[in-house]
Amino acid sequence: MQNQVGFSNQKKNSSSLADVPGEETVENKKKKLLQIRRLSKAYPGVQALDGVDLDIHRGEIHALLGQNGAGKSTLIKLLSGVERPDSGTLHIDSKSISIKTPEDAHKHGIFTIHQELSLVPDLSVAENIFITDLPTGRFGVVNWTRLSEQATEAMEWLGFLVDVHSPIRKLSVAQKQGVELAKALHHKAKLVLLDEPTAALPPQDVERLFKVIRTLQARGLSFIYISHRMEEVQQLCSIATVLRDGQKVGTYSIAETKPNELIRSMIGRSLKSSHVGETALGKRKPRLGLGGTEKVVMSVRGLDDGRSVSNINFDLNQGEILGITGLIGHGQSEFAACMFGARDCVCESISVNGKTVRIRTPGDAIRAGVGLLPEERKTQGLVLHMSIESNITMASHNEFSKLSIIDRKKEQHHVNAMSTSLSIRAGSVKQPVGTLSGGNQQKVVLAKWLVSKCGILIFSEPTRGVDVGAKEEIYELIKSFVNSGGSVILISSEMPEALMCDRVFVMSNGKFVGELNYDEIDPHADAILNLCCQK
Amino acid sequence: MKTNWENFGSGLKRNMKMLFTSYLLIVLILTVILGCLASPYFLTLRNVENVLTFAAVVSVIAVGQFFVVVTGGIDLSVGSIAALTTVVAAVMMKAGHSAFASSLTALVAAGAVGGASGFLVIKAGITPFIATLAMMSIARGLSYLVQVGSLIGITNKGFIWFFSGSVGPLPNPVSLFVLITLVAAFFMRSTTFGRRLYAIGGNTEAARLSGLPVKQSIFSVYVLSGLLSGFGGLILAAQLTQGSSLLAQGYELDTIAAVVVGGAALTGGTGNPVGAVVGGLIIAILGNIMNLMTIPSEPQLVVKGILIIIAVVFIGKKRDRILRKKQNNNNIPAELTPAA
């Protein structure tokens, strides 16, 4: 707590130096851009934001940290005009403002780059940048030459070489973010809110994005940066504010605060000896599995889908955690879909427990004892407004029915047992799965496969978009699954997760380009990264 | 502590269920009271029988429509299929076939048209709206072709009795639609088939990735909708003692209205067949009240449309509020059980 920079002035329009204790004067030398005081917002049943104070200075990259549900997204929504606050005040350059619509936010120079980008996919780059004020000539006719000149200039200034005539939908995520930034700059942005901008970016694009952000910072632009990745925050941000349960825990200087202190204040408890904690400290991740036995439970030869995946061969041992890693978009998701029969592919042979099987549909895979925890939990794994119970038994109807009539007692018995053993936190198993938190939802998906007695589980990016505490729980669940004799294929583009596996295949351009045993992987995953970058 | 919350949770769920079904019930009772106030004839046995036997056809078809809607689809061909069955049954009986054989043939034809819609949806990947729009036109056209000329009278006493007579004071159409509704409710509640439909309507991709036979299920709801439309058509034919290609006009919209007023969302995954039938009854009773008040049919249409809007907005709000309450409830135990 000693590193906390507690801004205690809550009066409106207070001059910056007057009522601030000595320690913070360094911060206040820079000019204050945005001052948020006692900002609150309640949704039915949830106090999403509870009297939060926040100061953003000019040229500052301010990290906003917190678990899922801590109030980060709500704060972003209030600042970008998507939602209106219940109470609280906002000042920009010491002038009181109110933000009721996204237009208001833009007027005051606040721009948001959302996770789902808000560009018009079928309009060109140039049109998107200048969407509200296309340069016009006489009679209001658009001056296309000037438009493309200006757009090209704007994009080049940011270091993006794109054809400004090409429609947005043809661009990569990184390029789209570039367009968003160009748009914000064109509209004289003072503050840009970045909501997990790197979630879908490959590493090289992350570097470039950071470079752009730093350039803009040097020009006096301020940023609020939200990310679940601690190492990015350390790399990029100078100051961080932590939210928990809608309240501000504190504001910390990144340079003077240890990452585990930040994490501790995020989750409100110490993470000693936990997986997430140790990664944040830069230590070697503990191994999740036990290394597995000699017995091969699954053997795949010559898997090929003709497009994204080719010539895949591997054996999975019983009790093993086999990692599949690589840069995002190198065929990992397609590989998972092929293995589970959810994507058309050809395969020389697949055998499970020594028996040759054909996996053409997800049903075939489940009968063979293979389950998939898809990366998009909400859209692929769960029926959100169906009950926890119905979701858990969804893949094993035959188990719970006679002549297709469901035996409710038996179903309830199994579901309750499963819910207890995975400690699914819910009021009742009858409540809709959509009301659960991300981590608990993941547990429901896992429960579905445990009930249908799958011995081999494919986890595809199991901790994507999940907060630190829930990550830990998911790792524990994977661990206990292999301890009880299951085998796991863990597909992940997060290097720390790859480090936890017994064995890792590195995937590049749809092929397995290398195999590394646990002992061959160094703590910094250089061996993996080298394989990723090989052409 | 845990069991406490479980009790509370299931209690809430029960309450919610009560609230929701009883909400429809309240509206139904209110309409009945309105009817009593509007006309002294409303609560006579004759009128009640009249309303129920008239509502039977739409109710039976609405159950079929519900099966399609719960998967996130829509069936515009139901009215045309009903008309086709009246014509097929009438033609068969006129040619001297038995009531049983004629009904069966008509139902097979109805199921086949439904099956064609299903095939177009799952194999050709045509959206349900367009696929059934096409089948609506085709089925109506086929009924003209089968009919050849003007309407065909039905004289088969057995047929008329079975679909339109009565046992004691209870009219057969009413028994039939109640029976069909209850069987459908049982299917949706207690069988794997019902679960599959809710899962598919709720999230098709998740259902597919859970190994559920999505395509077969979708195909079967269109066949089912066709069969029930055909069954409704047979009741209609017996009631009017005729087969005609001009019958059952606009039933697709009446049944969709019934399903929606009954609490199902057109996006799929919610509602139940009883709700759909009650929704249909509410609309039918309102029509009857307006008839008794000698309101001409044109303003009736306007009133009906407005009532559908009111009902759906009201139900939608109610549903949201209940969901939010649940989330509210969910937060309490989450705070009480600290992360282990």
Side-chain angles (χ1 to χ4, degrees), chain A residues 43-46 245 267-269 337 340-342 361-367 372 374 376 378-387 390-391 393-398 400-401 403-406 408 416 420 423 425-432 434-437 440 445 448 452 469-470 472-473, chain B residues 2-14 16-17 186-187 189-196 198-215 265 267-270 319-340:
Chain A
Y43 294 107
V46 198
D245 300 330
I267 64 173
R269 64 191 162 108
F340 190 60
T361 64
D364 292 343
I366 295 163
R367 275 185 291 278
L372 169 71
E376 301 288 339
K378 290 187 179 183
T379 56
Q380 301 177 319
L382 296 166
V383 182
L384 290 177
H385 56 233
M386 230 164 61
S387 68
S390 303
N391 269 286
T393 55
M394 187 157 68
S396 43
H397 280 158
N398 291 338
F400 297 100
S401 60
L403 298 170
S404 92
I405 293 168
I406 294 167
R408 287 176 167 265
N416 283 336
T420 314
S423 60
R425 279 189 286 278
S428 149
V429 291
K430 305 274 185 202
Q431 90 187 43
T435 59
L436 299 182
S437 68
N440 279 307
V445 185
K448 177 168 82 180
S452 59
E472 194 65 28
E473 276 191 294
Chain B
K2 178 137 202 187
T3 48
N4 264 347
W5 283 119
E6 265 166 19
N7 285 342
F8 186 55
S10 61
L12 188 89
K13 166 103 184 179
R14 252 201 318 277
M16 189 210 80
K17 256 197 178 151
F186 174 77
F187 260 82
R189 228 182 99 78
S190 299
T191 68
T192 53
F193 180 69
R195 281 287 177 82
R196 279 207 298 267
Y198 281 124
I200 291 166
N203 186 344
T204 312
E205 182 66 0
R208 185 176 81 97
L209 292 178
S210 295
L212 299 181
V214 173
K215 290 195 168 175
T267 44
T270 58
R319 195 163 37 205
D320 286 352
R321 224 175 304 147
I322 290 161
L323 247 178
R324 260 190 244 136
K325 248 192 222 159
K326 287 191 96 126
Q327 271 166 346
N328 190 355
N329 175 39
N330 182 26
N331 284 330
I332 306 161
E335 278 162 22
L336 283 178
T337 30

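The sequence lines fix the lettering, A, B, ..., with proteins before strands; numbering per chain opens at 1.
- Contacts with chain B were tallied for V383(A), L372(A), T361(A), I366(A); V383(A) has the most, counting heavy-atom pairs under 4.5 Å.
- No other option in S401(A), A342(A), A337(A) has as many heavy-atom pairs under 4.5 Å with chain B as A342(A).
- Remark: R367(A) pairs with D364(A) by the side chain to side chain donor-acceptor pair (under 3.5 Å) rule, at least two apart or across chains.
- Residues A206(B) and G381(A) approach most closely at CB-C, 3.8 Å, considering heavy atoms.
- Contact of L212(B) with chain A is made through the side chain alone, with heavy-atom distances under 4.5 Å.
- Heavy atoms closer than 4.5 Å to chain B are found nowhere in S452(A), neither backbone nor side chain.
- Residues meeting the side chain to side chain donor-acceptor pair (under 3.5 Å) test with E376(A), sequence neighbours left out: none.
- Put simply, the side chain of N203(B) never gets that close to the backbone of H385(A): no donor and acceptor are under 3.5 Å apart.
- Of the two parts of M394(A), the backbone and the side chain both hold a non-hydrogen atom closer than 4.5 Å to a non-hydrogen atom of chain B.
- Heavy-atom pairs under 4.5 Å with chain B were tallied for A365(A), A395(A), G363(A), P374(A); the largest tally goes to A395(A).
- Note on S190(B), A207(B), G211(B): by heavy-atom pairs under 4.5 Å with chain A, the leading option is S190(B).
- If you measure heavy-atom distances from F187(B) to chain A, you find no contacts under 4.5 Å at all.
- Across all non-hydrogen atoms, the minimal contact from R189(B) to R408(A) is O-NH2, 2.8 Å.
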